[in-house]
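Order of the sequence lines fixes the chain letters, A, B, ..., with proteins taken first and strands second; residue numbering starts at 1 for each chain. What you are looking at is a predicted structure, and each value in this text was computed from that prediction instead of being measured.
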Amino acid sequence: MSAKIDARGLSCPQPVLMTLHAIKTEKADEIEILTDTETSKENVVRSAARQGWSVIDILEEEGNFRVKIRKK
Amino acid sequence: MKNIFATRYGIIGVGAVIGVLAPLLQKLGNPGNMGICVACFERDIAGGVGFHRASVVQYIRPEIIGFVLGSLIAAYLFKEFRPRLGSAPVVRFVLGVFAMIGALVFLGCPWRAALRLAGGDGNAVLGIAGLIFGIWIGTLFLKKGYNLGRTQTTGRTAGLMMPLMMAGLLALLISFPQVAGQNKSGILFYSVKGPGSMHAPLVIALIIGLAVGFLAQRSRFCTMGAFRDFILFRHAHLLSGVVALIAAAFATNLIFGQFHPGFEKQPIAHTMHFWNFAGMTLAGLAFALAGGCPGRQLFLAGEGDGDAAVFVIGMVVGAGFAHNFGLASSPEGIGIYGIEAVITGMIVCLFIGFTMRRKHI
């Protein structure tokens with residue numbers, strides 16, 4: 001199961017709030033977060049790691065970052 | 001490429017460097033415990049161009065210009081300049097106005113609160129407690145779905161507006177340089193006494209401002225986010241930067257003989273404890289609702305965030321109101337209408353907090 005979050009255009013701390021909310025409520029093992037700033041990407045990666053999730057992929061495409069995280 | 005400034009050691013290092021540079025600016029001429037104060041310096045800029053006529057706080061502070069341009073340079077070098085705007089800008093303007101008013105009731109933004117603490121000013125404890133309380137209120141709204149909406153990508157020109165305004169201020173400062181003993185030079189106002197008359201040499205202040213802007217853009221240093229992230233997520237990443245700033249400033253103040261513990265007769269401070277607390281509660285809430293401390297708003301504006309630029313303009317306008325309407329405090333205590341201003345600001349911020357929700361955007 002995987003879930004997707006579109007956090008483009010949202011400023012701190014919204015992308016992190018959305019990611020943590022998804023980690024807690026979605027039954028997904030994989031979550032894909034789409035952000036449009038380097039800062040949001042860093043914050044999402046840091047928060048996911050603290051929740052014990054691992055970052056499996058970060059793709060940069062058309063100025064956006066597609067961060068994939070997976071439950072360890 | 002990994003951004004080393006965004007690591008734990010990176011943010012601690014940046015906090016420590018700012019903690020050394022700020023007391024150094026004080027040593028070189030800036031006012032007491034005001035090596036860096038984003039709110040005070042924007043207020044001085046408002047005075048420098050005559051938006052208010054409080055003669056003791058008028059000077060175009062080069063540090064603020066440096067913050068924005070330093071961030072712009074970093075953002076360009078590391079390909080992070082992203083012109084964007086459209087996330088409820090008028091709400092951000094209003095938040096900027098009241099953030100400034102709250103900060104001027106306390107007499108300092110979160111940066112100066114930290115520096116006042118590091119200089120021994122006990123009144124800063126009340127201000128920092130108020131700041132944390134205001135940010136905590138903000139986190140309650142965030143948990144309930146408070147959101148100012150998404151930004152849109154925009155043209156390069158829009159993203160460059162705030163850096164260009166800062167370049168314009170620098171051009172004015174160079175075109176109409178200070179004349180010793182004169183309160184005006186061409187179109188600019190210059191304080192001849194009071195905190196506005198106290199400043200480090202222009203070139204040094206500008207260079208330090210550029211360095212801080214550069215480092216803060218890379219590290220995402222934010223004095224409000226420090227407490228917000230800790231309250232919301234128990235993340236101490238940004239907080240470690242602020243703690244490093246205070247520790248380094250404390251040590252630097254000791255070396256420079258600038259540490260004077262106590263509550264009375266502190267530089268540019270008053271001892272009305274409740275209003276120190278309440279002023280910063282208002283500022284903290286406004287910063288939390290706007291997503292960044294006043295410094296962070298400048299750095300974001302430097303990397304192309306037009307909404308942060310609007311917040312900055314709100315703060316400059318707020319400084320005009322604060323001094324024209326007698327809302328700002330002085331070492332004697334709060335202003336004539338300071339209490340009414342704090343109450344009004346809290347009502348406005350709570351209204352924004354309760355009504356700007358995800359379901360509406």
Side-chain angles (χ1 to χ4, degrees), chain A residues 3-72, chain B residues 1-3 5-8 10-11 75 78-88 92 138-139 142-154 217-220 222 224-225 228-229 231-238 288 290-292 296-297 299-300 303-305 307-308 311 358 361:
Chain A
K4 284 188 179 178
I5 295 170
D6 183 359
R8 283 175 300 175
L10 292 172
S11 54
C12 295
Q14 301 295 343
V16 173
L17 277 170
M18 292 165 85
T19 305
L20 295 183
H21 185 257
I23 285 176
K24 278 184 195 143
T25 58
E26 302 269 354
K27 290 190 172 66
D29 301 318
E30 253 185 53
I31 303 174
E32 185 180 290
I33 305 111
L34 194 59
T35 75
D36 63 349
T37 65
E38 194 79 35
T39 308
S40 295
K41 182 198 77 180
E42 289 165 5
N43 290 341
V44 164
V45 166
R46 204 179 291 123
S47 309
R50 278 176 53 95
Q51 296 296 315
W53 286 54
S54 49
V55 178
I56 50 175
D57 198 17
I58 301 176
L59 274 175
E60 190 171 355
E61 47 188 40
E62 294 165 13
N64 297 317
F65 300 97
R66 200 175 287 277
V67 182
K68 280 187 190 167
I69 59 172
R70 183 184 288 158
K71 202 186 238 168
K72 271 184 192 165
Chain B
M1 186 174 65
K2 191 166 167 60
N3 177 6
F5 294 102
T7 62
R8 172 59 74 91
I11 189 83
F78 292 91
K79 298 187 171 49
E80 288 185 10
F81 184 78
R82 283 171 195 268
R84 56 196 188 271
L85 52 76
S87 169
R92 292 175 188 273
T139 63
L142 285 165
K143 283 184 189 167
K144 293 280 181 199
Y146 168 82
N147 197 317
L148 288 181
R150 292 179 198 269
T151 56
Q152 304 290 321
T153 301
T154 182
Q217 193 282 334
R218 298 309 301 141
S219 64
R220 334 314 186 185
C222 177
M224 184 285 296
R228 179 200 62 201
D229 288 358
I231 295 168
L232 262 183
F233 314 123
R234 294 286 175 264
H235 287 188
H237 175 76
L238 289 173
R296 180 77 183 137
Q297 304 283 354
F299 311 134
L300 285 170
E303 59 176 64
D305 186 335
D307 295 314
F311 183 90
R358 190 172 296 148
I361 57 170

Does any backbone or side-chain atom of [X] lie under 4.5 Å from a heavy atom of chain A? Answer side chain, backbone, both or neither.
| X | answer |
| --- | --- |
| B/R296 | side chain |
| B/L300 | neither |
| B/R234 | both |

Q. Counting distance only, does the side-chain N/O of B/Q297 pair as donor-acceptor with the main-chain N or O of B/G292 below 3.5 Å?
A. yes
Q. Has the side chain of B/T151 got a donor or acceptor atom that lies under 3.5 Å from a matching backbone atom of A/G9?
A. yes
Q) Going by heavy atoms in the side chains, are B/N3 and B/R218 under 4.5 Å from each other? A) yes
Q.
For a 4.5 angstrom cut-off between non-hydrogen side-chain atoms, does A/T37 reach A/F65?
A. no
Q: Find the one option among B/E80, B/R220, B/Q152 whose heavy-atom pairs under 4.5 Å with chain A are most numerous.
A: B/R220
(Q) Show the nearest heavy-atom pair for residues B/S87 and B/L148, with the distance to one decimal. (A) OG-O, 3.1 Å
Q.
With a 4.5 angstrom heavy-atom cut-off, is it the side chain or the backbone of A/S11 that approaches chain B, or both, or neither?
A. side chain
